[in-house]
Chemist: 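Dropping a structure here in structure tokens format, bear with me for questions.
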Amino acid sequence: SGSATLSLSINSGFEWIGTDLILNYQVATRVASITPRSGPISGGTLLSIRGTNIANVTAEYSVICRFSRFENVYTGLFRTGKLAKYVTAEYVSENEVKCITPPEISGGDVLVEVSSNGGTDFTNDRVKFTYEGDAKVYKISPTDIPISGGTVVNVHGVNFTSTQDL
């Protein structure tokens with residue numbers, strides 16, 4: 001990271017035009033992990049994004065999260081031409097930002113990418129978030145249980161996540 005005064009040459013370096021503009025450069029931002037790794041298609045999941053070299057918010061630039069669909073082409077993952085969704089991140093530290101997932105029209109995986117310079121450059125660490133159908137409860141049984149507890153309640157619905165917490 002550092003800064004330099006910008007000079008410009010229009011003839012392959014034979015003559016230079018000096019400016020008083022400052023160019024700031026930084027070590028590339030990296031995304032290592034996200035928590036949670038999945039959420040509903042309705043959006044609204046608070047996503048903790050951990051990584052390195054996440055630059056702090058300035059008056060000129062904000063930290064931005066990009067959610068984009070991808071496809072597996074040959075051996076690599078590439079973003080598709082589908083429109084990505086952008087949200088402003090909450091800066092926590094140089095190792096963490098938080099974003100709220102935007103809604104999606106269907107389930108599936110998206111790449112989560114971070115920009116520390118207002119959306120000019122994004123990470124390319126291939127970290128995925130999975131959108132799942134919104135959970136819905138249709139019926140519970142029994143509906144009358146003793147106040148003392150201990151009764152097993154059956155919950156019927158769709159799109160429940162398979163987890164030990166359920």
Side-chain angles (χ1 to χ4, degrees), residues 1-8 19-137 140 153 155 157-166:
S1 297
S3 62
T5 304
L6 180 67
S7 297
L8 176 68
T19 71
D20 48 352
L21 300 173
I22 302 296
L23 179 65
N24 296 308
Y25 52 93
Q26 63 189 38
V27 177
T29 300
R30 301 298 307 253
V31 172
S33 65
I34 60 173
T35 306
R37 297 192 56 81
S38 64
I41 60 174
S42 58
T45 301
L46 180 60
L47 198 61
S48 173
I49 302 170
R50 309 236 352 123
T52 56
N53 305 316
I54 302 171
N56 198 353
V57 177
T58 66
E60 190 174 352
Y61 296 113
S62 59
V63 180
I64 296 173
C65 294
R66 176 169 69 186
F67 297 82
S68 58
R69 295 281 177 176
F70 71 94
E71 58 184 300
N72 192 350
V73 178
Y74 303 109
T75 59
L77 298 177
F78 298 92
R79 281 190 299 113
T80 66
K82 296 178 183 174
L83 190 60
K85 296 189 177 178
Y86 301 83
V87 295
T88 301
E90 175 193 340
Y91 180 83
V92 177
S93 72
E94 70 176 24
N95 298 314
E96 182 181 15
V97 293
K98 294 189 180 217
C99 290
I100 296 177
T101 60
E104 275 290 336
I105 58 170
S106 64
D109 293 338
V110 295
L111 294 175
V112 178
E113 302 158 311
V114 174
S115 171
S116 291
N117 61 1
T120 301
D121 299 296
F122 283 88
T123 57
N124 188 22
D125 297 306
R126 298 180 175 147
V127 175
K128 295 186 295 184
F129 177 82
T130 302
Y131 279 99
E132 299 172 342
D134 291 342
K136 293 191 181 358
V137 174
I140 60 170
V153 176
V155 180
V158 294
N159 297 326
F160 296 144
T161 300
S162 178
T163 174
Q164 294 294 330
D165 299 332
L166 209 53

Chemist: Going by the rule ring pair (Phe, Tyr, Trp, His ring centres under 6.0 Å), which residues pair with Phe122 if we only count those two or more places apart in sequence or in a different chain?
Modeler: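 Applying ring pair (Phe, Tyr, Trp, His ring centres under 6.0 Å) to Phe122 gives Tyr86.
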Chemist: Could you pull out every donor-acceptor pair under 3.5 Å between side chains of residues 95-102 and any protein atom, sequence neighbours left out?
Modeler:
unit_1, atom_1, unit_2, atom_2, d
Glu96, OE1, Arg50, NH1, 3.2
Glu96, OE2, Ser48, OG, 2.5
Thr101, OG1, Gly44, N, 3.4
Thr101, OG1, Thr45, N, 3.0

Chemist: With sequence neighbours excluded, give me every salt bridge (Lys or Arg N to Asp or Glu O under 4.0 Å) pair touching residues 22-42.
Modeler: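 Output for this query lists Arg30-Asp125.
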Chemist: Has the side chain of Thr29 got a donor or acceptor atom that lies under 3.5 Å from a matching backbone atom of Asn53?
Modeler: yes
Chemist: How many angstroms lie between CG in Leu6 and CD1 in Ile22, if you round to the nearest 0.5 Å?
Modeler: 9.0 Å
Chemist: Where do Val110 and Lys128 land on the side-chain contact (heavy atoms from CB on, under 4.5 Å) test, with the steps shown first?
Modeler: CA-CA 6 Å; Val110 295; Lys128 295 186 295 184; over 6 Å; no
Chemist: Which value, rounded to the nearest 0.5 Å, describes the distance between Glu90 atom CD and Ile49 atom CD1?
Modeler: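 Interatomic distance, Glu90 CD to Ile49 CD1, rounded to 0.5 Å: 11.5 Å.
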Chemist: Considering all heavy atoms of both residues, which atom of Val63 and which atom of Tyr91 are nearest to each other, and what is their separation?
Modeler: CG2-CD1, 4.4 Å
Chemist: Can you give me the closest heavy-atom contact between Ser42 and Pro103, atom names plus distance?
Modeler: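 Result for this residue pair: O-CB, 3.5 Å.
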Chemist: Using a distance-only test with no angle check, is there a side-chain donor-acceptor pair under 3.5 angstrom linking Asp109 and Thr130?
Modeler: yes
Chemist: Side chains of Thr35 and Leu47, heavy atoms from C-beta outward: is any pair under 4.5 Å?
Modeler: no
Chemist: Tell me whether Ser38 contacts the main-chain N or O of Tyr131 through its side chain, where contact means a donor paired with an acceptor under 3.5 Å.
Modeler: no
Chemist: Please examine the side chains of Arg66 and Ser115, heavy atoms only from C-beta on, and report whether any two atoms are closer than 4.5 Å.
Modeler: no
Chemist: Is the shortest heavy-atom distance from the side chain of Arg69 to the side chain of Ser106 under 4.5 Å?
Modeler: yes
